[in-house]
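I have a structure I would like to understand better, so I am pasting it below and will then ask my questions one at a time.
Remember, it's 1-based here, ligands and their atoms both numbered in the order they're listed.
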Amino acid sequence: MCTACLTKTLPTDDFAEHLVGMLDGAAVIQMLSIGHRTGLLDAMAELPPGTSSAIAHAAGLNERYVREWLGAMVTGGVVAYDPATREYHLPPSHAALLTRASVSNIAATAQFLPVLAGVEDDIVECFRAGGGVPYSAYPRFHQVMAEESDMTVVAGLEEHILPLVPGLTDQLAAGIDVLDVGCGRGHGIIALAEAYPNSRFVGLDLSKDAIAYARDLVVQKGLTNARFEQRDLSGFDPDERFDLVTAFDAVHDQADPAGMLAGVAKALKPSGTFLMQDIAGSSDVGNNVGRPLAPFTYTISCLHCMTVSLAQGGAGLGAAWGEELAQKMLADAGFSKVMLHRLDHDILNAFYVAQR
Ligand SMILES: C[S@@+](CC[C@H](N)C(=O)[O-])C[C@H]1O[C@@H](n2cnc3c(N)ncnc32)[C@H](O)[C@@H]1O
């Protein structure tokens with residue numbers, strides 16, 4: 001018996017109950033992902049109580065599948081069911097966390113687990129032989145990441161994120177040069193470019209597909225102050241200087257996070273600021289016991305963030321690199337002033353405001 005261990009040791013019967021609860025939870029998460037992708041959750045949020053046929057008809061889906069999905073939703077505590085009328089209903093208080101109308105849509109976040117489960121065979125092989133699984137093995141990753149970014153970055157920019165840097169919104173309104181590293185599909189930088197037409201924005205990312213998507217969006221929106229370039233940020237050696245550099249959830253899965261951070265420091269004008277959003281938590285697993293979303297973070301990391309970096313021959317920091325290591329690496333990269341912020345509504349992320 002380990003008396004100093006942090007994880008509670010349960011009697012076998014209680015542990016069985018704990019495990020069964022986790023199995024049910026994981027199953028519901030899979031079905032929430034399907035409910036999001038098929039539009040069922042969005043449709044149900046708008047519908048009065050109805051039968052499986054009425055719901056399937058309204059959503060334009062196959063009744064047999066919808067009924068099975070509803071079974072999981074009812075027994076999983078998501079959807080209310082009246083056995084007398086055989087009617088199902090998504091209560092508004094649940095819909096608030098499960099539809100595209102919400103900026104805290106857990107059904108959108110639920111998609112990560114099935115997306116990452118798609119590479120399980122490759123990951124099992126990596127456990128034996130080392131190495132990593134490349135970005136190209138995750139066909140839906142950038143789409144799901146962009147949806148997540150809409151909630152954690154875009155929705156909170158004006159109210160929560162930009163105010164972390166004093167005076168930043170005034171500078172953006174007047175016109176400054178901004179770089180976003182590891183921009184993915186670029187939703188964050190495009191939202192900024194729309195809101196601040198006097199400023200100029202550049203997004204850099206390794207992914208050809210994500211950059212092509214971001215460029216299309218720039219054309220669709222008719223933006224003239226944003227451009228995107230495919231670039232490997234390993235050993236980043238910038239040829240331009242910026243007033244603001246941002247990194248939204250994009251440092252820990254780099255092949256060369258230290259080299260990228262050093263490049264970011266170099267890319268800043270003397271009075272410039274680096275605004276970095278990354279996963280919250282400690283670098284020490286012991287400090288993360290009991291932390292909500294800690295198992296989620298380590299799982300996402302193992303099945304994606306860590307392995308995509310290792311696949312590039314990289315550092316493999318992983319999503320749980322933690323705030324202590326993040327601050328050390330920022331200091332090593334040449335940032336002498338670093339402020340760490342957390343936002344009340346966002347338990348997944350930490351925000352660093354760094355200056356040289
Ligand atoms: C977790 S995603 C975040 C994307 C985006 N910032 C967002 O919030 O949606 C991390 C990004 O880092 C990019 N990335 C990974 N390794 C890279 C490298 N070596 N050079 C440049 N970008 C890289 C990936 O392509 C991916 O778009």
Side-chain angles (χ1 to χ4, degrees), residues 103 108-109 111-112 115-116 132-157 160-161 178-193 201-215 217 226 228-238 244-264 267 274-280 296-297 299-321 326 346 348-352:
V103 292
T109 305
Q111 295 176 100
F112 276 113
V115 163
L116 305 193
V133 180
Y135 256 97
S136 57
Y138 305 81
R140 289 191 67 241
F141 177 80
H142 284 293
Q143 180 196 334
V144 172
M145 187 65 225
E147 280 189 67
E148 185 70 15
S149 178
D150 284 343
M151 296 191 285
T152 58
V153 179
V154 177
L157 271 174
H160 302 290
I161 300 174
V178 181
L179 168 68
D180 187 34
V181 288
C183 62
R185 287 189 168 190
H187 285 198
I189 209 91
I190 284 172
L192 285 170
F201 299 88
V202 181
L204 301 177
D205 198 283
L206 179 68
S207 166
K208 194 168 148 224
D209 292 347
I211 290 296
Y213 184 97
R215 284 179 173 162
L217 218 50
F228 289 90
E229 288 170 21
Q230 185 195 2
R231 180 140 169 193
D232 186 343
L233 291 163
S234 305
F236 180 35
D237 188 12
L244 173 71
V245 178
T246 54
F248 297 115
D249 196 12
V251 176
H252 64 259
D253 68 358
Q254 293 290 315
D256 177 19
M260 185 182 87
L261 288 175
V264 166
F274 179 39
L275 175 59
M276 175 177 110
Q277 174 213 45
D278 216 291
I279 304 296
F296 180 77
T297 299
T299 302
I300 297 273
S301 180
C302 184
L303 275 90
H304 182 265
C305 315
M306 178 190 79
T307 194
V308 294
S309 173
L310 292 174
Q312 298 175 55
L317 281 184
W321 63 319
D346 181 355
L348 187 60
N349 291 295
F351 292 81
Y352 304 80

Answer yes if the side chains of Asp253 and Tyr135 hold a donor-acceptor pair under 3.5 Å, and no otherwise. yes

How far is atom 14 (N) of ligand 1 from its nearest protein heavy atom, and which residue and atom name does that atom have? Gln254 NE2, 3.4 Å

Which one of Asp209, Asp205, Leu206 has a non-hydrogen atom at the shortest distance from atom 25 (O) of ligand 1? Asp205

Nearest neighbour in protein (non-hydrogen) for atom 1 (C) of ligand 1: Asp249 O, 3.1 Å

Apply side-chain contact (heavy atoms from CB on, under 4.5 Å) to the pair Val251 and Trp321, showing each step before the final yes or no. CA-CA 10 Å; Val251 176; Trp321 63 319; 3.7 Å; yes

Go through the side-chain N and O atoms of Asp205 and Ser207 and say whether any donor and acceptor fall under 3.5 Å apart. no

closest protein heavy atom to atom 16 (N) of ligand 1 is Gln312 NE2, 3.2 Å

Under 4.0 angstrom from ligand 1, any heavy atom of Gly188? no

Thr152 vs Gln277 side-chain heavy atoms within contact, under 4.5 Å: yes

Sub-4.0 Å heavy-atom approach of Cys183 to ligand 1: yes

In the protein, which heavy atom is nearest to atom 20 (N) of ligand 1, and how far is it? Leu233 N, 2.9 Å

Taking only non-hydrogen atoms of Arg231, do any sit less than 4.0 angstrom from ligand 1? yes

Do the side chain of Thr307 and the main chain of Gly132 share a donor and acceptor less than 3.5 angstrom apart? no

Enumerate the atoms of ligand 1 whose separation from the nearest heavy atom of Ser234 is less than 4.0 angstrom. 19 (N)

Looking only at non-hydrogen atoms, which of Ala250, Ala146, Gly182, Cys305 approaches atom 6 (N) of ligand 1 most closely? Gly182

Check the pair His304, Phe141 against ring pair (Phe, Tyr, Trp, His ring centres under 6.0 Å), reporting the backbone distance first and the verdict last. CA-CA 9 Å; His304 182 265; Phe141 177 80; 3.9 Å; yes

Could a heavy atom of His142 be found less than 4.0 Å from some atom of ligand 1? yes

According to side-chain contact (heavy atoms from CB on, under 4.5 Å), who are the partners of Thr297, at least two apart in sequence or on a separate chain? Ile279, Ala319, Ala320, Leu348

